[in-house]
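To keep things clear, I will list the structure first and then write my remarks on it.
Just the heavy atoms: all of them, side chains too, but no hydrogens, waters or symmetry mates, feed the values below. Lettering of chains follows the sequences in order, A, B, ..., and the numbering in each one begins at 1.
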Number of protein chains: 2
Amino acid sequence: MVNALEMIHTETEKSILKAAKLVFYKKGLAAARMQEIADEANINKAMLHYYFRSKQKLFEAVFIQAFRELAPLLNTIFNSDKPIFEKIRDFVDSYITFVTDNPYLPTFIIQEVNINPHFGKTFFANQVMPDPSLFQKQLAEAAEQGIIRPIDPRQFVLNLISLTAFPFIGKGLVTGILELDETAFKALMEERKKLIPEMIINTIKVQ
Amino acid sequence: MVNALEMIHTETEKSILKAAKLVFYKKGLAAARMQEIADEANINKAMLHYYFRSKQKLFEAVFIQAFRELAPLLNTIFNSDKPIFEKIRDFVDSYITFVTDNPYLPTFIIQEVNINPHFGKTFFANQVMPDPSLFQKQLAEAAEQGIIRPIDPRQFVLNLISLTAFPFIGKGLVTGILELDETAFKALMEERKKLIPEMIINTIKVQ
DNA sequence: TCCATTATTAACCATTTGGTTAAATTTGAT
DNA sequence: ATCAAATTTAACCAAATGGTTAATAATGGA
């Protein structure tokens, strides 16, 4: 059973979480079935409630873990004193690598936040969010030194995440419109590891 | 009742579709409830089945309409003989304007395709998709004339859609991380109508 | 070894939900 | 005005689903 700090995970609890991730990631909260999670974990359905009380609570446990896997990637940009251009390359590379291996993760988070905005709001309000302030300072200093043009850091982050994350989130649509199979899609994404940093650096760099 | 070509829509049928859109867009297929749609349309639940047979069929009717509202936007890029740079500005402007007024539409489509990839695949296979071939030719010619650098048209489209669509699709996450309220978000999006074309043109233009 | 606590199971339950049906009402062509 | 077809309603149904419970088994400290 879980202790007060909700940190001790028994084997059963772990296997439930693993199964719940699988099902929630793929189907989302609404379409996921407790019985399917139980089957996936080879366990009695009552155990899900024994360890997590309710479907909602189990979902929240999965969601918080998902978020904590994804959020640290942003710190490649936000909390690192490497030069800006290097950080951009690092972020794009590590994000694309990560999402290629965990394709359901970002989609899952965005999906659930969209379907239930209230849940998203209260969740974010109670999370330690990656802090962009250091990065904002870095951008401002680089602009002062004439290395890059002045740019709204929010638009910068938006551009970076958009270019990197969207193709995965809209994968179904993208592969449909561009008529890509799995191999072609992966090849394109691999290309983007170079292409995106070039594009962004080219945009902000003072020639 | 619907005729053979599924084109005649009675008032009742229209009001059902309108209500169904509202509910499906906001909640998605799995979380949507037939009773809620009926209530929204001020109509007896049996009417939903009388006109559309099943939840799945009603959903498909909504989905196809959603797709046909969104897909034509791509023709701003694909099927128009305007100069490339002008097309880019037109697309970004019209897309951002459209999605600001219809925030649930792209999210809805991407969401359902993600949750049910098989549905997405068969749907796209049976749709007249926007045809990128003309645009590919235009890009190739412009590159030959030395107006732009040679670029993979698929990457180009990917960049364009990513930068334009992602902030809306990930709105919940984006506003959470960047701590934006509704007004700030809209202002940023308005800015992007200029920013995105600049960025893309700057990337492909031969200096 | 004993026993209290914890973990696990199978059966069960109440509610929700998509869908049906039969009767009633409306519509419109003749 | 008549009547058959189309539309609408209220009541109903079976299956699915999240959740509970009471009995059983395993665990581990005294």
Next item on the list: Looking at every strand, decide which applies to A:A32 at a 4.0 Å heavy-atom threshold: base, sugar-phosphate, or nothing.
Entry: sugar-phosphate

Margin query: Please compare A:A46 and A:L29 by the position of their nearest nucleotide in DNA chain D and report the one closer to 5'.
Written below: A:L29

Check: Which class fits the ring pair B:F124 and B:F67: parallel under 30°, tilted 30 to 60°, perpendicular over 60°?
Finding: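 Taking B:F67 first and then B:F124, their aromatic rings sit tilted (interplane angle of 30° to 60°).
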
Check: Are the side chain of B:K82 and the backbone N or O of B:K87 linked by a donor-acceptor pair below 3.5 Å?
Finding: no

Check: Counting distance only, does the side-chain N/O of A:N159 pair as donor-acceptor with the main-chain N or O of A:Q155 below 3.5 Å?
Finding: yes

[N] OP1/OP2 closer than 4.0 Å to side-chain N/O of [X]:
{"X": "B:T12", "N": "D:dT8", "result": "yes"}
{"X": "A:Y50", "N": "D:dT20", "result": "no"}
{"X": "B:R33", "N": "C:dG18", "result": "yes"}

Nearest whole Å is fine: how far is [N] [atom2] from [X] [atom1]?
{"X": "B:K55", "N": "D:dA15", "atom1": "NZ", "atom2": "C1'", "answer": "14 Å"}
{"X": "B:N44", "N": "C:dA23", "atom1": "CG", "atom2": "C1'", "answer": "13 Å"}
{"X": "B:R53", "N": "C:dG18", "atom1": "CZ", "atom2": "P", "answer": "17 Å"}
{"X": "B:L58", "N": "C:dT17", "atom1": "CG", "atom2": "C1'", "answer": "15 Å"}
{"X": "B:I16", "N": "D:dT7", "atom1": "CD1", "atom2": "P", "answer": "11 Å"}
{"X": "A:F24", "N": "D:dG18", "atom1": "CZ", "atom2": "C1'", "answer": "11 Å"}
{"X": "A:M47", "N": "D:dT24", "atom1": "CE", "atom2": "P", "answer": "18 Å"}
{"X": "B:H49", "N": "D:dT9", "atom1": "NE2", "atom2": "C1'", "answer": "15 Å"}

Item checked: Criterion side-chain contact (heavy atoms from CB on, under 4.5 Å) against A:I200, the qualifying member of A:L160, A:L195, A:T164 -> A:L160

Item checked: Test ring pair (Phe, Tyr, Trp, His ring centres under 6.0 Å) applied to B:F119 and B:F59, step by step -> CA-CA 11 Å; B:F119 168 75; B:F59 166 78; 5.5 Å; yes

Notebook entry, point to check: For the side chain of A:I43, counting heavy atoms from C-beta on, which of D:dG19, C:dG18, C:dT9 is nearest?
Noted result: C:dT9

Check: Which of these nucleotides, D:dT9, C:dT9, D:dG18, is closest to any side-chain atom of A:M34?
Finding: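 Among D:dT9, C:dT9, D:dG18, the one nearest the side chain of A:M34 is D:dG18.
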
